Amino acid sequence: MSRQPGSIQPPYSYSHQHQLSRSAYPTFLSLQETIKLQLTWASRGIFEAFRWDVVVKTATSDREIRSNILKSLLLNSLSLTSIYAFDLLLQPLVHNHPSWLHRNVGWFYRVLWLFPVVGISYYLNSSWCNLIAKRSFVLQHGNRAAHQQPVTYHGMLTMLATSAYRVVMILTSVIVSLALGSIPFAGSWISFAFMCWVNAYYCFEFVWVARNSSLAQRVRHLEERWAYYFAFGFPSAVICTCGSGLANAALFALMFPAFIIMAMHARPVPQDPYNPAPSTESTNTVRFPSPLVPIRMPVFTIVIWLNDLIVRVLSVGGSAGARHRRAISETTEQAEEGTGVELRNMGRTARVHSPTVQARKLGDRLPSNGMAPSAGRRKKD
């Protein structure tokens with residue numbers, strides 16, 4: 001009995017489909033290669049957090065930066081002197097004193113002198129650090145990069161809202177750090193690691209603001225390069241553990257201008273966290289990190305959730321309040337989901353069919369824990 005000619009399929013059909021399926025399946029680096037890359041990026045962050053030669057060169061070459069650094073040093077030195085004068089001199093003298101006035105002299109000292117000095121120091125230090133960051137950015141990228149739009153009423157409201165949201169984010173970061181520190185056994189280590197990322201965020205915040213990046217873009221940029229930013233924030237986090245609460249804040253403010261200048265000259269790595277080691281072959285295959293190591297570390301998820309909760313509580317009545325709540329919620333959702341463009345791609349048109357863009361699209365579909373897709377899974381039809 002003869003077979004129908006159409007009943008016999010070409011022998012290469014199955015092999016061809018197999019090759020297409022295999023080419024569509026992601027390629028991963030080994031666990032050893034991924035860990036080696038993470039350690040390399042962390043060492044880069046440590047190195048760029050100790051670029052004091054860049055700080056000295058920048059301060060000595062520009063009069064405006066040098067003047068603002070000196071003013072910040074003097075004011076924060078006054079804050080530190082006031083804090084330690086109470087802790088080392090006044091507190092031991094009035095401790096357990098029978099007189100009511102002597103027992104409460106510390107309270108009067110804090111309310112009438114220490115808190116006002118620290119508050120004024122925070123405000124002025126923020127202004128001076130902003131000037132230092134803008135001037136450093138101009139020196140590095142030119143006047144064209146620092147072009148500013150004319151100030152309008154809407155722009156002033158946006159600026160005030162941004163400043164208020166920044167203060168809220170600082171407070172929530174401190175609250176989360178204290179909460180993490182209360183975890184038994186490993187709490188102090190987890191809190192310290194969190195403060196490394198928080199300090200790095202605020203050191204680079206001026207760079208990101210100068211590049212007009214949104215909150216979602218800032219958070220994603222840090223969380224996808226968590227090893228580098230952890231190492232960059234490590235020295236400042238160590239400094240912040242040398243004293244009491246207010247003293248730690250004053251110590252960080254004292255060193256803050258220097259770390260801003262270092263951040264301006266830093267080059268965070270990797271450039272593309274979803275393809276950290278591009279293939280040298282002509283096919284330009286995208287090689288993801290090992291699924292056992294997270295690509296993105298959700299560091300600020302709780303902080304931004306708390307920020308959104310506080311803004312919802314403070315937003316009172318009216319349609320404007322409702323619109324404001326929806327806008328903040330959208331920003332928080334973007335930050336948590338990681339939707340946003342890379343900083344290095346701002347102002348440029350991405351090539352739609354490039355391997356990097358394809359990796360980004362696949363990365364946007366990764367699970368919320370930031371892990372690469374498991375090699376043992378296949379996408380169901």
Side-chain angles (χ1 to χ4, degrees), residues 35 38-39 41-42 45-46 49 83 87 118 122 164-205 208 215-256 259 263 268 273 292-314 328-329 331-338 366-371:
I35 293 176
Q38 296 288 352
L39 293 176
W41 302 332
I46 283 287
I83 293 171
D87 292 340
V118 172
Y122 171 80
Y165 192 83
R166 185 173 185 268
V167 173
V168 171
M169 191 168 181
I170 292 175
L171 294 177
T172 52
S173 298
V174 173
I175 293 173
V176 171
S177 177
L178 295 175
L180 292 175
S182 62
I183 298 176
F185 304 109
S188 58
W189 296 100
I190 298 175
S191 177
F192 177 80
F194 176 74
M195 288 309 301
C196 289
W197 283 307
V198 170
N199 291 352
Y201 175 88
Y202 285 108
C203 290
F204 279 86
E205 186 183 31
W208 297 329
L215 177 63
Q217 294 167 354
R218 302 175 204 172
V219 171
R220 176 170 186 165
H221 188 79
L222 183 144
E223 291 181 344
E224 290 180 342
R225 295 157 182 83
W226 53 269
Y228 172 88
Y229 284 106
F230 172 82
F232 188 92
F234 184 84
S236 59
V238 171
I239 294 174
C240 291
T241 59
C242 297
S244 59
L246 285 177
N248 290 338
L251 285 170
F252 180 74
L254 189 68
M255 309 298 295
F256 194 41
F259 285 110
L292 300 176
V293 178
I295 297 177
R296 179 175 181 181
M297 189 78 71
V299 177
F300 289 102
T301 299
I302 299 177
V303 172
I304 296 178
W305 180 82
L306 287 175
N307 291 351
D308 182 54
L309 181 63
I310 292 174
V311 171
R312 286 175 179 271
V313 171
L314 295 180
I328 295 298
S329 298
T331 302
T332 305
E333 182 178 358
Q334 289 178 352
E336 292 178 345
E337 294 181 356
L366 291 176
S368 59
N369 59 0
M371 301 288 288

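Since this is a predicted model, take the numbers as computed values, not measurements.
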Do you know the tightest heavy-atom contact between [X] and [Y]?
{"X": "Pro268", "Y": "Phe204", "answer": "CG-CE2, 3.9 Å"}
{"X": "Thr241", "Y": "Val238", "answer": "OG1-O, 2.6 Å"}
{"X": "Glu223", "Y": "Thr301", "answer": "OE2-N, 4.2 Å"}
{"X": "Asn248", "Y": "Ile239", "answer": "OD1-O, 4.3 Å"}
{"X": "Ile46", "Y": "Pro235", "answer": "CD1-CD, 4.5 Å"}

Check for a donor-acceptor pair, side chain of [X] on one end and backbone N or O of [Y] on the other, with a separation under 3.5 Å.
{"X": "Thr172", "Y": "Val168", "answer": "yes"}
{"X": "Ser177", "Y": "Ser173", "answer": "no"}
{"X": "Trp226", "Y": "Val299", "answer": "no"}

Using the ring-ring contact (aromatic ring centres under 6.0 Å, His included) criterion, which residues pair with Phe234? Sequence neighbours excluded. Phe192
Tell me the side chain to side chain donor-acceptor pair (under 3.5 Å) pairs involving residues 193-203, sequence neighbours left out? Asn199-Ser236
Measure the [atom1]-[atom2] distance between [X] and [Y] for me, rounded to the nearest 0.5 Å.
{"X": "Ile183", "Y": "Ile190", "atom1": "CD1", "atom2": "CD1", "answer": "4.5 Å"}
{"X": "Ile304", "Y": "Asp308", "atom1": "CD1", "atom2": "CG", "answer": "9.5 Å"}
{"X": "Leu222", "Y": "Arg296", "atom1": "CG", "atom2": "CZ", "answer": "10.0 Å"}

Check: [Y] and [X] side chains under 4.5 Å, non-hydrogen atoms:
{"X": "Cys196", "Y": "Tyr229", "value": "no"}
{"X": "Phe194", "Y": "Ile302", "value": "no"}
{"X": "Leu215", "Y": "Phe300", "value": "no"}
{"X": "Val176", "Y": "Trp305", "value": "no"}

